[in-house]
Amino acid sequence: MNGKRALVGLAALALAASAGAESDRQAAERFVGLLRQRLLLSREVAIAKFNSGAPVEDLKREKALIDQTLKSTGAEHEFAYRILRAQIEASKAAQRRFISKWAGHPRFRHAPNLAKDVRPKLDLLTTHMLSMLPKLHETRPAVLRRAATQVRWPKQDRDCFGPAWKVAVAPVVEN
């Protein structure tokens, strides 16, 4: 899927609830779906970093990203910080697992461009995810916890995404 089409698809998902009132369960499942989609993008990030040899971790960039995102979305509260931090840590955990699996393999023929292809998708998902947090956190924590713990990964993805998912949803499950 090309970058523009993917962004249109993500925008459609982000606006899906605006057509009508959502139930608690639907809102929680949509939020968890955004978390899942964000984590799935870590495979694209890993491919780009594998090909370029870039490190998985860039603490300076992560801090700037968190500060800028929380400020621009108005989600400057502790729970939003914990959720965003968990998404970054989960992505890095998945990236490390993918890159470890690919050790000794040749570079990928086609790798996404992080700045042009992947980060805009991540930004859109993150912004929408954070916009949903206040209401979910205040009024639907049990429903959100249940939705987060019911996600299952296909067998071929479990070893990379399964452990990372536990990191991604830890703030929700432990809340």
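Predicted model only: the values in this text are computed from it and were never measured.
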Hey, what do you get for CG (L130) to OH (Y81), rounding to the nearest 0.5 Å? 13.0 Å
Any carboxylate oxygen within less than 4.0 angstrom of a Lys/Arg side-chain nitrogen, looking at R82 and E174? no
For the student: nearest non-hydrogen atoms of A115 and P120, plus distance: O-CD, 3.3 Å
Is there a chain of hydrophobic side chains (I, L, V, M, F, W, Y, each step under 4.5 Å between heavy atoms) that links I99 to V167? no
Report the distance from atom CG of L34 to atom CE of M132, rounding to the nearest 0.5 Å. 6.0 Å
Do I88 and M129 sit in the same hydrophobic cluster, where Ile, Leu, Val, Met, Phe, Trp and Tyr count as joined when their side-chain heavy atoms come under 4.5 Å apart? yes
What I'd like to find out is whether the side chain of W165 reaches to under 4.5 Å of the side chain of L35, using heavy atoms alone. yes
If we only count heavy atoms from C-beta on, is the L41 to E44 side-chain gap below 4.5 Å? yes
Are Q87 and S91 close enough that a side-chain donor and a side-chain acceptor fall under 3.5 Å? no
Exercise: identify the closest heavy-atom pair between V172 and A148: CG1-CB, 4.0 Å
Which atom names give the shortest non-hydrogen contact between A94 and L39, and what distance separates them? CB-CD1, 4.2 Å
Quick one: does R43's side chain get under 4.5 Å of D157's, heavy atoms only? yes
Give the cluster check for F31 versus V143: same hydrophobic cluster or not, with ILVMFWY residues linked at side-chain heavy-atom distances below 4.5 Å. no
Return yes if some donor-acceptor pair links the side-chain N/O of T149 with the main-chain N/O of R145 below 3.5 Å, else return no. yes
Donor-acceptor contact present, side-chain R36 to main-chain V151, <3.5 Å: no
Which pair of non-hydrogen atoms, one from P106 and one from F50, has the smallest distance, and what is that distance? O-CE2, 3.6 Å
Sidechain-backbone polar pair: K49 side chain, V56 backbone, donor-acceptor under 3.5 Å: yes
Can you check salt bridge (Lys or Arg N to Asp or Glu O under 4.0 Å) on D67 and K63, steps first, answer last? CA-CA 6 Å; D67 292 345; K63 182 180 179 344; 2.7 Å; yes
Check the orientation of W102 and F108. Use parallel for under 30°, tilted for 30 to 60°, and perpendicular for over 60°. perpendicular
Heavy-atom nearest pair, C160 first then A164, reads O-CB, 3.6 Å
Drop me the distance from N51's CG to R107's CZ, to the nearest 0.5 angstrom. 4.5 Å
Starting from the C-alpha separation in whole Å, work towards a yes-or-no answer on side chain to side chain contact (heavy atoms under 4.5 Å, CB included) for R61 and L59. CA-CA 5 Å; R61 177 169 166 58; L59 295 176; over 6 Å; no
Distance check, rounded to the nearest 0.5 Å: R85 atom CZ versus E62 atom CD? 5.0 Å
Output yes when a side-chain donor or acceptor of S131 lies under 3.5 Å from a complementary backbone atom of H128, and no otherwise. yes
Kindly compute the distance separating CG (L65) from CZ (R119), expressed to the nearest 0.5 Å. 8.5 Å
When you compare the side chain of P154 with that of F161, does any pair of heavy atoms fall below 4.5 Å? no
Taking all non-hydrogen atoms of both residues, which atom of A48 and which atom of P112 are closest, and how far apart? CB-O, 3.4 Å
Going by heavy atoms in the side chains, are K101 and D159 under 4.5 Å from each other? yes
In this structure, CZ of R146 is separated from CG of D24 (nearest 0.5 Å) by 9.5 Å
Is there a donor-acceptor pair closer than 3.5 Å between any side-chain N or O of R158 and the backbone N or O of W153? yes
